[in-house]
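Remarks on the structure that follows.
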Amino acid sequence: MSLTRRTPCGTVRTEQVGSDVDLYGWVHRRRDLGGLIFIDLRDRSGIVQVKFDPVHAQAHAAGGGLRSESVIHVRGPVRVRPPGTENKELSTGAVEVEAHAVDLLNRAQPPPFAVNEDGAVDEQLRLRYRYLDLRRSRMARNLQLRHRMTKAIRDFLDDQGFVEIETPVLIRSTPEGARDYLVPSRLKPGHVYALAQSPQLYKQLLMVAGMDRYFQIVRCYRDEDQRADRQPEFTQLDLEMSFVGEDDVLDVIERCFAHIWKQVLNVDVPTPIRRITHAEALRRYGVDKPDLRYGLEIEELSAIFATTEFKIFRQALDSGGVVRGIRIPRNVGGKEIEALTEVARAEGAKGLAFWHREPNGWRSPITKFFSDGELTGLAQATGAQPDDVVVAVADRAEVAAAALGSVRKAAAGPLGLIKDGNFEFVWVTEFPLFERSKETGEVTAAHHPFTSPRPEDLPLLDSEPLRVRARAYDLVLNGTELGSGSIRIHDPEMQQRVFNGLGISREDAERKFGFLLNAFRYGAPPHGGFAYGLDRVVMLAAGEETIREVIAFPKNQQAEEVMTDAPAPADPKQLRELGLQLMPRPPQAR
RNA sequence: GGCCCCGUGGUGUAGCGGUCUAACAUGCCUCCCUGUCACGGAGGAGAUCGGCGGUUCGAAUCCGCUCGGGGUCGCCA
């Protein structure tokens, strides 16, 4: 069996007609006509039809016994298919291979689910037999798409003068950020490494080291609960540049996306990608990662109802709140309104006001509470046409934004406003530097503690830190946050001021980040960068709903890898070596 | 931890108080078939309906608990 003579299944063409080929692959499907037998033979390159004619008795006999997913070797000449029997669905459809010799290399049991079709199969089962699942066209296509994407990224960044440099995975744990995966040290008992959540600090130090333009396609680890777009280990495209401002970073990133979208999907991404400030995103779309594939913009209606006597609006406005609404360009029924009301309530709104626009006025249970002027204003502000519906929330600005942001998202699908293959990129800029933690009430870094404040907001740093805006930006695609970046602090005194704002004392900062502050005292260039989730990018490019569909061996919601059954119970011998002892489990746990 | 959805032959679904001795498609097994390509035809095997408990004369179907999976909120500097 000489693999050098192998012809990939999907590459057989009319040029090879008459010459013998050696095919190696999996039996995709068998069609036994009694005399003639046809087999679709599959490998990564595609599918080719193999013909078993009774004239070649030995091969024909072997062909009759072949089962789906068995691995075989076939030798024989390429033939032109008889006129009228070509298959336009296959790249190899003009020809077929006439089997003269067949080797059964591995006989397959019937697989637990159909490998030769892409129908729905329980995900747990797919993951347990992932090696079979990866044979199916959907996953094979996704993994190859992912490869082409990482290659396009490397090609582009190399061309732009970036150097790919690996950084440590076993690093010092820092308290900020997500929960760390810890790795105990054998050589230093009682000490632990953390698996890197990102190469953030190392890449900044590479800038201090004069590497100028760095990137890395890098695995990152975060021990948090799973989501459709979150895995405990995921891959980032991480990059950092010296002597740059926001526009330089955004420019490289958007040209990078334009390049890979063109290379991989043959889709043009218009550049520059539009920008919207964080504050404007919240006002117009209710979220900091707006989906711009559809309109349904949130309208500010507070002025129209400034003197309203409608009690619910009155109370909201009097206590400093707002009235905002969305025009829904269709007559949605009571059931749909009810569903949207539930969506709004889930975000803390007390309810959802709604009016049906009619040729001469409005129809709604609450119309009677409003003056003609208010209703005219409503029509003008929303541009509502007859048969449209306007929904509104009166509440604190944050609640109204969140509620209408959710309503907007929930309404778009049923209204048929989301078209397949539509990619709407948008930069969200001017993020706040700090935010207040919902549960502890402490001030934390909105992005990370190394993000530079905007110079014009520096006077607010000590007095009103929550109003300080950062030189930070997110890239959003179709309502999914792809990644974020910022211009970093490169001055030790500024870094210390921001640490102060975060309640990190000088001693704390020296202990945890002394190496960084130290480095900044030896000639640190101004620098900034970006990182995005490669899995999410591939997911969106592949039209998938979860990143598990673009990861070869993902983990489930319990962070288990069900094929190998990881994690597994700790071996006492390993624990002894590490100087570790397990605590007894609390009785209520499992 | 909260909320929501889903567990029925190998796979995917239907059935949602009695007619279920559980249906359909596909896969599997046997036989027929020389131009199929989701080949076709005939026949066959295969599920006590995730588990436990309850309601009921009667439960796949209703209720409770539980196990497993997924989505989401919290969390993700």
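Only a predicted model underlies this, so the values are computations on that prediction, with no experimental measurement involved. Every chain is numbered from 1, with letters handed out A, B, ... down the list of sequences.
- Rounded to whole angstrom, the span from the CG atom of A:Leu132 across to the C1' atom of B:rG27 amounts to 14 Å.
- Among the atoms of the strands shown, only primed sugar atoms or phosphate atoms (P, OP1, OP2) are found under 4.0 Å from some heavy atom of A:Arg67.
- Summarising the base pairing, B:rC28 is matched to B:rG44 through a Watson-Crick or G-U wobble pair whose two defining distances lie under 3.5 Å.
- On the P atoms, B:rG68 is 35 Å away from B:rC29, given to the nearest whole Å.
- Annotation: B:rG15 and B:rA59 have their C1' atoms spaced 13 Å apart (nearest Å).
- Using a cutoff of 4.0 Å between basic side-chain nitrogens and carboxylate oxygens, A:Asp457 and A:Arg454 are not scored as salt-bridged.
- Atom CZ of A:Arg222 is separated from atom P of B:rC76 by 10 Å (rounded to the nearest Å).
- Contact annotation: A:Arg30 side-chain N/O to B:rC37 OP1/OP2 distance is not under 4.0 Å.
- A:Arg230 contributes a side-chain N or O that forms a donor-acceptor pair with the base of B:rC75 under 3.5 Å.
- Under a cut-off of 6.0 angstrom, the local environment of CD in A:Gln58 is sparse, with at most 12 non-hydrogen atoms contributed by other residues, nucleotides or ligands.
- Figure legend. B:rC33 is base-paired to no nucleotide; pairs are counted as Watson-Crick or G-U wobble with both atom distances under 3.5 Å.
- Taking only side-chain nitrogens and oxygens, A:Gln226 never comes nearer than 4.0 Å to OP1 or OP2 of B:rU72.
- Using a 4.0 Å heavy-atom criterion, one finds that A:Gln109 contacts no nucleic acid atom at all.
- B:rG18 and B:rC57 make up a base pair, with Watson-Crick or G-U wobble contacts both under 3.5 Å.
- For the pair A:Ser45 (side chain) and A:Gly10 (backbone), a donor-acceptor distance under 3.5 Å is present.
- Contact annotation for A:Pro112: backbone-only contact, meaning every heavy-atom pair under 4.0 Å involves sugar-phosphate atoms and none involves a base.
- B:rC3 sits 10 Å from B:rC65 when the P atoms are compared, rounded to a whole Å.
- Taking the P atoms as reference points, B:rU30 lies 32 Å from B:rA14, given to the whole Å.
- In this structure, A:Arg126 does not reach the B:rG69 phosphate: none of its side-chain N or O atoms is under 4.0 Å from OP1 or OP2.
- A:Ser198 comes within 4.0 angstrom of a base, heavy atoms only.
- The aromatic rings of A:Tyr473 and A:Trp427 sit perpendicular, their planes meeting at an angle over 60°, well past the 30° parallel limit.
- Residue contacts for A:Glu89: at a heavy-atom cut-off of 4.0 Å it reaches no nucleic acid atom on any strand shown.
- Residue contacts shown for A:Ala445 are limited to sugar-phosphate atoms, with no base heavy atom under 4.0 Å away.
- Whole-Å rounding puts the A:Arg179 CZ to B:rG1 C1' distance at 12 Å.
- Comparing the same atom, P, in B:rC6 and in B:rC62 gives a spacing of 11 Å after rounding to whole Å.
- Across the interface with RNA chain B, nearest-nucleotide mapping of A:Thr85 and A:Val562 shows A:Thr85 to be the residue nearer the 5′ end.
- By the stacking rule of 5.5 Å between ring centres and under 30° between planes, A:Phe38 stacks on the base of B:rU36.
- In terms of polar N and O atoms assigned as donor or acceptor, the side chain of A:Arg548 never comes within less than 3.5 Å of the base of B:rG70 in a complementary pairing.
- Using Watson-Crick or G-U wobble geometry with both donor-acceptor distances under 3.5 Å, B:rG64 finds its partner in B:rC52.
- At a cut-off of 3.5 angstrom, the base of B:rC37 holds no donor-acceptor pair with the side chain of A:Arg29.
- Side-chain to base pairing of A:Arg81 with B:rC37: one donor and one acceptor N or O lie within less than 3.5 Å of each other.
- Aromatic ring centres of A:Phe450 and A:Phe513: separated by under 6.0 Å.
- Checking B:rG12, B:rG70, B:rC75 against the side-chain heavy atoms of A:Glu224 singles out B:rC75 as nearest.
- Between the CG atom of A:Asn556 and the P atom of B:rC6 there is a distance of 20 Å, given to the nearest Å.
- Counting distance only, with no hydrogens placed and no angle test, the side-chain atoms of A:Glu96 and the base atoms of B:rG35 include a donor-acceptor pair under 3.5 Å.
- Screening A:Arg135, A:Arg29, A:Arg107 for a salt bridge (Lys or Arg N to Asp or Glu O under 4.0 Å) involving A:Glu69 leaves a single residue, A:Arg135.
- Among the nucleotides B:rG12, B:rA77, B:rC28, the one closest to any side-chain atom of A:Pro110 is B:rC28.
- At a cut-off of 3.5 angstrom, counting only N and O atoms as typed in the model, there is no donor on one side facing an acceptor on the other between the side-chain of A:Asp122 and the base of B:rG12.
- Closest contact between the side chain of A:Arg227 and the listed nucleotides B:rU72, B:rC29, B:rC39 involves B:rU72.
- For A:Tyr24 and A:His73, the distance between ring centers is under 6.0 angstrom.
- Distances were taken from every side-chain heavy atom of A:Asp225 (C-beta onward) to each of B:rC33, B:rA77, B:rC75; the shortest belongs to B:rC75.
- An OP1 or OP2 oxygen of B:rU36 is reached within less than 4.0 angstrom by no side-chain nitrogen or oxygen of A:Arg31.
- When the P atom is compared between B:rG44 and B:rG50, the two are found 28 Å apart, to the nearest whole Å.
- The gap from the P atom of B:rA25 to that of B:rG43 amounts to 12 Å, rounded to the nearest Å.
- A:Leu125 comes within contact range of the sugar-phosphate backbone alone, with a heavy-atom separation under 4.0 Å but no base atom that close.
- Here the side chain of A:Asp40 is nearest to one of B:rC37, B:rU36, B:rC28, namely B:rC37.
- For the pair A:Gln124 and B:rG68, the criterion of a side-chain N or O lying under 4.0 Å from OP1 or OP2 is not met.
- For the OP1/OP2 pair of B:rC76 and a distance below 4.0 Å, the side-chain nitrogens and oxygens of A:Gln197 include no atom meeting the criterion.
- In the interface, the side chain of A:Glu117 is not paired with the base of B:rU26 through any donor and acceptor atom under 3.5 Å apart.
- The A:Asn87 side chain lies nearest to B:rC37 when the options are B:rG69, B:rG71, B:rC37.
- Residues A:Arg471 and A:Glu430 are not paired through a salt bridge, judged by the lack of any N-O separation under 4.0 Å between the basic side chain and the carboxylate.
- Remark: the separation of the C1' atoms in B:rC75 and B:rG71 is 16 Å, to the nearest Å.
- B:rC3 is paired with B:rG71 under the criterion used here, namely a Watson-Crick or G-U wobble arrangement in which both key atom distances are under 3.5 Å.
- Atom C1' of nucleotide B:rC39 and atom CD of A:Gln49 are separated by 11 Å, given to the nearest angstrom.
- Of the candidate nucleotides B:rU34, B:rU11, B:rC76, B:rU34 has the atom lying nearest to any side-chain atom of A:Leu36.
- Between A:Tyr131 and A:Tyr129, the ring-plane angle classifies as perpendicular under the 30° and 60° cut-offs.
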